[in-house]
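Labels below follow one simple rule: chain letters A, B, ... track the order of the sequence lines, proteins then strands, and each chain is numbered from 1. Just so it is clear, the model here is predicted, and its values are computed rather than measured.
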Number of protein chains: 2
Amino acid sequence: MPKISKNSEGLSKKEEILNAAIILFAEQGFSNTSITEVAKATNASTANVFYHFKTKEELFLAALQNVKEGIISHFDEYFRDREFENGLKMMEEIIAYYLYLAGAMGQWFLLLHSHYPYRLALVNEVCREHLEKTYNSLVEIFEKAVVKGKEDGSIADVDSRKTALVIFSMIEGVVRFKIYNLYDSGVLFAELIKSCNKILKYKE
Amino acid sequence: MPKISKNSEGLSKKEEILNAAIILFAEQGFSNTSITEVAKATNASTANVFYHFKTKEELFLAALQNVKEGIISHFDEYFRDREFENGLKMMEEIIAYYLYLAGAMGQWFLLLHSHYPYRLALVNEVCREHLEKTYNSLVEIFEKAVVKGKEDGSIADVDSRKTALVIFSMIEGVVRFKIYNLYDSGVLFAELIKSCNKILKYKE
DNA sequence: TTAAATACTGACTGACTAATCAGTTTTGTA
DNA sequence: TACAAAACTGATTAGTCAGTCAGTATTTAA
């Protein structure tokens with residue numbers, strides 16, 4: 001049974017390389033990030049990077065998987081032992097956490113907002129599965145809040161899935177403005193919550 | 001006075017190269033598109049591409065400028081000789097046209113949604129100006145509809161600028177889902193209009 | 001202690017890249 | 001026609017890239 005050696009921060013070299021790759025792929029894109037760069041950032045040789053990850057594409061897929069698992073586990077952690085007043089409040093708090101996470105873990109969302117994985121997904125099933133799983137998990141979270149709100153009466157009788165999708169796309173739009181430095185999400189946050197409330201409280 | 005020769009489609013070689021560059025940069029990204037590729041797509045030599053555009057970056061900036069001017073002139077054309085029943089209807093029709101344009105001119109929006117120009121904007125003033133001008137023009141269009149609606153009473157007393165920004169980010173979110181093949185904007189369109197109406201019609 | 005598995009490295013390769021330049025062809029005009 | 005400007009090309013360069021490989025160092029389990 002191989003024991004994996006860890007460095008001072010408790011990470012194996014493989015994990016170190018993976019973390020550096022996430023940041024570099026997110027900030028510079030896939031094509032504009034060389035394996036040499038990843039190697040330098042982790043004091044490894046390029047050959048060592050290729051020892052842990054057969055190809056550059058495989059390294060990218062591992063990065064995407066890591067982001068997927070990170071987002072999902074962060075939300076799992078967030079929901080553990082947490083109660084919400086009602087569905088509407090739950091939605092509000094989920095949005096706040098989503099925007100917090102997009103700020104704290106900017107690399108994850110930058111990677112998810114880059115074009116490359118979506119092009120790769122057209123020809124690579126593993127990539128497609130990572131993306132689908134990530135987005136399904138996220139939309140599901142918003143949908144749960146809508147369903148809960150419809151049950152407790154805090155949310156009007158709307159189509160749960162479609163409403164969740166529209167709210168999700170609204171938030172993703174704001175996240176994009178934030179990570180691309182277009183508009184500050186802080187300023188938009190209050191307005192976002194107001195708009196969201198209107199969408200959920202009123203029946204057309 | 002130099003007369004620019006045009007090919008069978010009425011485009012000069014320079015324009016041909018520029019159009020090919022927009023498509024290739026949009027679909028494959030800046031780093032992953034080589035000048036050789038652009039040259040091959042237009043039956044030109046690489047040296048000829050560099051004759052018309054001093055550097056690869058300059059070609060990209062020309063592409064971004066072209067996209068900016070394309071979007072602005074398309075909206076100018078759309079508004080020419082067009083009357084709207086009221087501000088709310090105007091907003092609805094603008095959204096419909098925005099989504100139509102994002103489908104018809106997918107390359108433009110792909111280029112605007114790629115990460116590269118926003119990184120370049122941090123160090124290149126021309127790039128920053130193109131992006132700012134593009135987004136300001138777009139948000140302004142949505143804002144005009146809100147202002148008009150507030151005047152004619154079809155829209156409640158909301159903050160025009162902030163509401164325009166939230167609606168814009170919502171639409172940009174849907175556009176992103178569309179161009180990245182995540183969710184079909186056709187399905188979301190009706191829901192988008194409904195949500196937009198609620199945001200605009202009700203006072204919190 | 002030892003042997004095997006794992007982790008890692010330096011040196012290398014062939015393909016590709018942005019950009020240059022000297023020289024040729026095409027075009028517009030006087 | 002003549003000539004100058006503009007448009008264009010082939011050949012080249014210096015550098016970067018992903019990926020390989022033969023061999024070395026380290027770790028693990030017996």
* **B:Arg128 and B:Tyr118: CA distance, side-chain angles, deciding distance, side-chain hydrogen bond (donor to acceptor under 3.5 Å, both in side chains) verdict** => CA-CA 8 Å; B:Arg128 189 164 60 249; B:Tyr118 304 93; over 6 Å; no
* Asked: Does B:Glu151 pair with B:Lys148 as a salt bridge, N-O distance under 4.0 Å?
  -> no
* Asked: Near DNA chain C, under 4.0 Å by heavy atom, which residues of residues 47-65 of chain B?
  -> B:Ala47, B:Phe50, B:Thr55, B:Lys56
* Quick one: sort the B:Tyr97 and B:Tyr100 rings into parallel, tilted or perpendicular, breaks at 30° and 60°. => tilted
* Which class fits the ring pair B:Tyr116 and B:Phe60: parallel under 30°, tilted 30 to 60°, perpendicular over 60°? -> perpendicular
* Asked: In Å, rounded to the nearest 0.5 Å, how long is the span from NZ of B:Lys144 to CD1 of B:Ile141?
  -> 7.0 Å
* To do: Return the angle between end axes of the helix from C:dT1-D:dA30 to C:dA30-D:dT1, with five pairs used per end and rounding to 10°.
  => 20°
* Asked: Is any NZ, NE, NH1 or NH2 atom of the basic residue among A:Lys40 and A:Glu37 found under 4.0 Å from an Asp or Glu carboxylate oxygen of the other?
  -> no
* Ring geometry between B:Tyr98 and B:Phe109 (parallel below 30°, tilted from 30 to 60°, perpendicular above 60°) -> perpendicular
* **Distance, nearest 0.5 Å, that separates CD1 of B:Ile179 from CD of B:Glu27** => 11.5 Å
* To do: Give me the residues of residues 29-44 of chain A where at least one heavy atom lies under 4.0 Å from an atom of DNA chain C, by number, or none.
  => A:Ala44
* Asked: Is B:Lys14 positioned over the aromatic face of B:Phe53, cation under 6.0 angstrom from the ring centre and no more than 45 degrees off axis?
  -> yes
* Does A:Lys56 count as lying over the ring of A:Phe30, i.e. NZ or CZ under 6.0 Å from the six-ring centre, within 45 degrees of the axis? -> yes
